[in-house]
Amino acid sequence: MLRFTTAGESHGPALVSILEGMVAGLPLVAADVDVELARRQQGYGRGRRMKIESDRVEFLSGVRAGETIGSPIAMLLQNRDWKNWQEIMDPAPREGDPERKRAVTRPRPGHVDLSGMLKYDRDDARDVLERASARETTARVAAGAICKRFLREFGITVASHVVHLGGVDARRPDKMPPTAELNAVADASQLRTLDRDAEQKMIARIDAAKAEGDTLGGIAEIICDGAPVGLGSHVAWDRKLDGRLAAALMSIPAVKAVEIGLGVECARRKGSDVHDEIDPDETNVRAGRVRRRSNRAGGMEGGISNAEQIVLRAAMKPISTLMRPLGTIEMKTRDPAQAVAERSDVTAVPAMGVIAEGMTAFVVAQAFLEKFGGDSLTETRRNYENYISSLSERQGR
Ligand code: EPS
C-alpha cells in the first residue's frame with residue numbers, strides 16, 4: 001500500500017515527508033522533486049515568505065545511486081525562515097515561564113485557530129497555526145513529485161491550470177494544450193492561467209485586494225492523462241477512485257469544493273446531456289478498444305477510471321489571514337477584538353493547483369500499485385503490460 005505522511009511546523013527547523021510503498025528501481029534524483037517544489041513557490045499574490053524560502057529536497061533514505069530501493073523515502077525540506085524564529089519555536093523548556101513572543105490569542109475567523117485552541121487545550125494559537133499553515137503542502141508536493149515520476153514510466157501525466165481567481169473566469173483556449181505540455185504553458189503565466197486577458201484582470205484584483213488588506217480565492221483544474229481503464233473499484237465505498245481523489249483534494253488547506261468532470265452542472269442537465277456515449281475504437285487499447293464521444297464524467301464511471309482524461313476542479317476559499325482583520329475575541333479576556341494579522345499571502349490559488357497535482361498523482365499512483373502490485377518497477381511494468389495485452393486481446397466479448 002502506497003502511503004505518505006508529513007511532519008513539520010511552518011517556522012520550525014524543517015518539514016519532513018515520508019513516502020512508503022514505492023517500488024524499487026525507479027530512477028529518481030533530487031531535481032525531480034525540486035522542480036515541483038519550485039513550481040509550488042510561484043504565483044502572483046504570495047507574501048514575503050516565498051522570497052525567504054527556496055525549497056530543496058534532501059533524501060534521507062530510500063534512494064541510492066539515483067534509484068529508489070523500495071524502503072521508505074524520507075525527505076527533509078529545510079525552513080530557511082527558521083533562523084528568524086528559533087527562540088519562538090524552540091522545543092526546549094522555558095526557564096521561569098517568560099511571556100511568549102508572537103503568541104496568538106485573537107483567533108482569525110475562518111482559520112483553525114479557535115477550534116484548535118479548544119480541541120488541543122492551547123492558550124497560544126501558534127501551537128495550532130504553525131502546523132495548519134499551508135507551508136505543510138511543500139511536503140505533500142515532495143511526495144507527489146515522486147508519484148509523478150513513477151506515473152511517467154507508464155505514460156501518465158498530471159497537470160493543472162487556474163480557471164478562476166477572485167471573481168475573474170479564465171476562458172478555455174479553443175484547443176487545450178496536450179496534458180504533457182499543459183504545465184509548461186501554465187507555468188509561463190504568473191497566475192498559471194491559459195487566458196492572458198483574464199490574467200491581467202486577476203492581477204488587478206489581487207493588487208486591489210492587497211491594498212484593501214483583503215484576500216482572494218479561486219479554482220484550479222487538474223487533468224490526469226494516460227491512466228488505463230480499471231483504477232479504483234465500484235465494489236466498496238472506500239475503493240472508489242472519484243471519492244479518493246475528492247478526499248485528497250479536499251484535504252488541501254482552504255479547499256472547500258471539488259468537482260469531477262461536469263461536476264455540479266450535472267445536476268442541472270438531463271441524462272442525455274450528461275452521459276458519454278460509447279463507440280468502438282480499435283486503436284484505444286488502454287480503454288478496452290472503445291472511446292467516449294465526450295468526457296463529461298471526467299475520466300471515471302462508478303469509481304473506476306475509464307481511460308479518458310481524469311478532470312478535477314478544486315475551489316479554494318480566500319486565505320483567512322486578512323491584513324485588515326475581521327472581528328473576533330481576545331481569548332484571555334473574552335473582549336471583542338480584531339483578529340491577529342500574521343504575515344500571509346493575498347492569494348495562493350496558483351500554488352494550490354500544483355499541490356492538487358501532487359495529491360492527484362499520489363492517489364492515482366496508489367490505485368495503480370493496488371491494481372498492478374509489484375515491489376520493483378520491472379515487476380510492476382510486467383504486470384501492467386500483461387493487463388494491457390489482455391485488454392488488447394478482448395475481441396467480441
Ligand atoms: C501561511 C502563511 C505564510 C505563507 C505560508 C502559509 O507564511 P508566513 O507566515 O511565514 O509568512 O507564506 O506559505 C508557506 C510558507 C509556503 O511555503 O507555502 C499560512 O498561514 O498558511
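L129 and I319 fall into different hydrophobic clusters, where Ile, Leu, Val, Met, Phe, Trp and Tyr are joined by side-chain heavy atoms under 4.5 Å apart, directly or via other members. One hydrophobic cluster, built from ILVMFWY side chains closer than 4.5 Å, holds both L118 and I329. Residue L322 is not grouped with residue V128 when hydrophobic side chains (ILVMFWY) are merged at heavy-atom distances under 4.5 angstrom, including chains of intermediate members. I69 and L19 fall into different hydrophobic clusters, defined by Ile, Leu, Val, Met, Phe, Trp and Tyr side-chain heavy atoms under 4.5 Å apart, directly or through other members. V33 and L151 end up in the same hydrophobic cluster when Ile, Leu, Val, Met, Phe, Trp and Tyr side chains are linked at under 4.5 Å.
The shortest heavy-atom contact between H275 and S294 is O-OG, 4.5 Å. Nearest heavy atom pair, residue S61 against residue P72, reads OG-O, 2.8 Å. In this structure, V104 and M117 approach most closely via the heavy-atom pair O-CE, 3.9 Å. Minimum interatomic distance between V168 and M202 (heavy atoms only, all atoms of both residues): O-CE, 3.6 Å. Here the shortest heavy-atom pairing between L37 and T138 reads CD2-O, 3.5 Å. Here the closest heavy-atom approach between residue A139 and residue L77 is recorded as CA-CD1, 3.7 Å.
Side-chain contact between R196 and S189: present, with at least one pair of heavy atoms (C-beta onward) separated by less than 4.5 Å. At a threshold of 4.5 Å between non-hydrogen side-chain atoms, the residues L312 and I260 count as touching. Put simply, the side chain of E301 reaches to within 4.5 Å of the side chain of R292, judged on heavy atoms. Within the 4.5 Å cutoff, no side-chain heavy atoms of F150 are placed close to those of L2. Two residues are said to be in side-chain contact when any heavy atoms from C-beta on lie closer than 4.5 Å; L15 and D55 fail this criterion. Within the 4.5 Å cutoff, side-chain heavy atoms of V229 are placed close to those of L391. For the pair P177/L194, a side-chain contact is recorded, criterion being any heavy-atom separation below 4.5 Å from C-beta on. Annotation: side chain of H11 is not in contact with side chain of N79 (no heavy-atom distance under 4.5 Å).
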Go through it in stages, so that I can follow the logic: the residues are R205 and T347, the test is side chain to side chain donor-acceptor pair (under 3.5 Å), and I'd like the CA-CA distance, side-chain angles, deciding distance and then a yes or no.
CA-CA 10 Å; R205 294 275 172 107; T347 192; over 6 Å; no
Using the side chain to side chain contact (heavy atoms under 4.5 Å, CB included) rule, take H161 and R172 through it: C-alpha gap first, then chi angles, then the decisive distance, then the call.
CA-CA 10 Å; H161 61 119; R172 201 167 284 278; 4.3 Å; yes
Apply side chain to side chain contact (heavy atoms under 4.5 Å, CB included) to L26 and I146, showing your working.
CA-CA 9 Å; L26 175 71; I146 300 177; 4.3 Å; yes
Hey, mind stepping through T6 and E136 against side chain to side chain donor-acceptor pair (under 3.5 Å) and telling me if it holds?
CA-CA 7 Å; T6 74; E136 183 266 346; 2.7 Å; yes
What verdict does the side chain to side chain contact (heavy atoms under 4.5 Å, CB included) test give for L369 and T380, after you've listed the backbone C-alpha separation in whole Å, the side-chain angles of each residue and the deciding distance to 0.1 Å?
CA-CA 8 Å; L369 281 168; T380 305; 4.0 Å; yes
Side chain to side chain contact (heavy atoms under 4.5 Å, CB included) evaluation trace for R192 with V354
CA-CA 9 Å; R192 306 203 64 257; V354 176; 4.0 Å; yes
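None of F154, Y387, F362 except one satisfies the ring pair (Phe, Tyr, Trp, His ring centres under 6.0 Å) rule with F368; the exception is F154. Considering K51, R49, R48 in turn, R49 is the only one that fulfils the salt bridge (Lys or Arg N to Asp or Glu O under 4.0 Å) rule with D81.
A distance of 10.5 Å separates CZ of R131 from OH of Y120, quoted to the nearest 0.5 Å. Within the model, atoms CD1 of I223 and OG of S160 stand 9.0 Å from one another, a figure rounded to the nearest 0.5 Å. Remark: D225 CG to T157 OG1 distance equals 5.0 Å, nearest 0.5 Å. In this structure, CG in L241 is found 11.5 Å from CZ in R239, a value given to the nearest 0.5 Å. Distance CG/N284 to CD/E282: 10.0 Å, rounded to 0.5 Å. Here the CG-CG distance, from D276 to N306, works out to 7.5 Å after rounding to the nearest 0.5 Å.
For the pair N183 (side chain) and D187 (backbone), a donor-acceptor distance under 3.5 Å is absent. D195 contributes a side-chain N or O that, together with a main-chain N or O of R171, makes up a donor-acceptor pair within less than 3.5 Å. Although no hydrogens or angles enter the test, the distance criterion places no donor-acceptor pair under 3.5 Å between the side chain of R108 and the main chain of V340. Within the 3.5 Å criterion, the main-chain N or O of E385 finds a donor-acceptor partner in the side chain of S389. R286 contributes a side-chain N or O that, together with a main-chain N or O of A227, makes up a donor-acceptor pair within less than 3.5 Å. The backbone N or O of V63 sits nowhere less than 3.5 Å from a side-chain atom of T68 that would complete a donor-acceptor pair. Under a 3.5 Å cut-off, the side chain of S251 and the backbone N or O of A248 do form a donor-acceptor pair.
Within 6.0 Å of CZ in R94 there are more than 12 heavy atoms belonging to other residues, nucleotides or ligands. Applying the 6.0 Å contact sphere to NZ of K317 captures more than 12 heavy atoms from other residues, nucleotides or ligands. In D281, the CG atom is crowded: over 12 heavy atoms of neighbouring residues, nucleotides or ligands sit closer than 6.0 Å. Atom CZ of R268 has 12 or fewer neighbouring heavy atoms from other residues, nucleotides or ligands inside a 6.0 Å radius. In this structure, D375 places its CG atom where only 12 or fewer heavy-atom neighbours from other residues, nucleotides or ligands lie under 6.0 Å away. For D279, the CG atom is densely surrounded, since the number of other residues' heavy atoms within 6.0 Å is greater than 12. Taking a 6.0 Å sphere around CZ of R343, one finds it holds more than 12 heavy atoms contributed by other residues, nucleotides or ligands. The neighbour count for R269 CZ, taken as heavy atoms of other residues, nucleotides or ligands under 6.0 Å away, is above 12.
For the 3.5 Å distance criterion, the side chains of R106 and T328 fail to qualify, holding no donor opposite an acceptor. A donor-acceptor contact closer than 3.5 angstrom is absent between the side chains of S376 and R381.
Classification of E53 and R40 as a salt-bridged pair fails, no side-chain N sitting under 4.0 Å from a carboxylate O. Salt bridge present: R39 and E357 bring a charged side-chain N and a carboxylate O closer than 4.0 Å. In summary, D273 and R296 do not engage in a salt bridge, as defined by a charged side-chain N under 4.0 Å from a carboxylate O. One finds a salt bridge joining E342 and R102 here, because a Lys/Arg side-chain nitrogen approaches an Asp/Glu carboxylate oxygen to under 4.0 Å.
Under the 30°/60° scheme for interplanar angles, the aromatic rings of F372 and Y384 are found to stand perpendicular.
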